[in-house]
Amino acid sequence: MRYQKANEILPEELVELIQNYIDGEYVYIPRKQENKRTWGQRTGAREERKLRDLSIYEDYLSGICVKLLAERYYLSEKSIQRIVLQEKKNMKLDKAAHL
């Protein structure tokens with residue numbers, strides 16, 4: 001998200017009206033409900049994280065210990081444990097959905 005100058009994109013009358021309420025301060029104007037995006041949707045970060053977590057889980061299943069995984073992925077051991085537990089749950093749910 002980047003800032004835009006109100007006086008460059010809004011009519012002068014509207015800028016003056018807004019200045020009556022808040023003069024020189026920042027105002028966040030939320031997206032319309034139909035234009036909202038989920039976290040990571042635009043950048044692909046959500047998908048990258050999902051792939052990383054799956055890779056961590058596969059490494060864990062192959063016998064790599066939590067401490068080494070934490071070092072390899074630059075995460076805390078607690079984060080690795082959380083990811084492993086979550087991926088284990090996801091795998092159970094996936095198996096149950098295919099039955």
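- Applying the salt bridge (Lys or Arg N to Asp or Glu O under 4.0 Å) test to residues at least two apart or on different chains, none of the pairs has a partner in residues 5-34.
- Between Ser76 and Ala70 the shortest heavy-atom distance is C-CB, 3.9 Å.
- Among pairs with a residue in residues 70-86, those fulfilling salt bridge (Lys or Arg N to Asp or Glu O under 4.0 Å) read Asp59-Arg72, at least two apart in sequence or across chains.
- In this structure, Leu14 CG and Asn7 CG are separated by 11.5 Å, a value rounded to the nearest 0.5 Å.
- At a threshold of 4.5 Å between side-chain heavy atoms, the hydrophobic network of Ile, Leu, Val, Met, Phe, Trp and Tyr places Ile22 and Ile9 in one connected group.
- As a member of the Ile/Leu/Val/Met/Phe/Trp/Tyr network built from side-chain separations under 4.5 Å, Leu75 groups with Leu54, Ile56, Tyr57, Tyr60, Leu61, Ile64, Val66, Leu68, Leu69, Tyr73, Ile80, Ile83, Val84, Met91.
- Considering only heavy atoms from C-beta on, Arg49 comes within 4.5 Å of Arg52 through its side chain.
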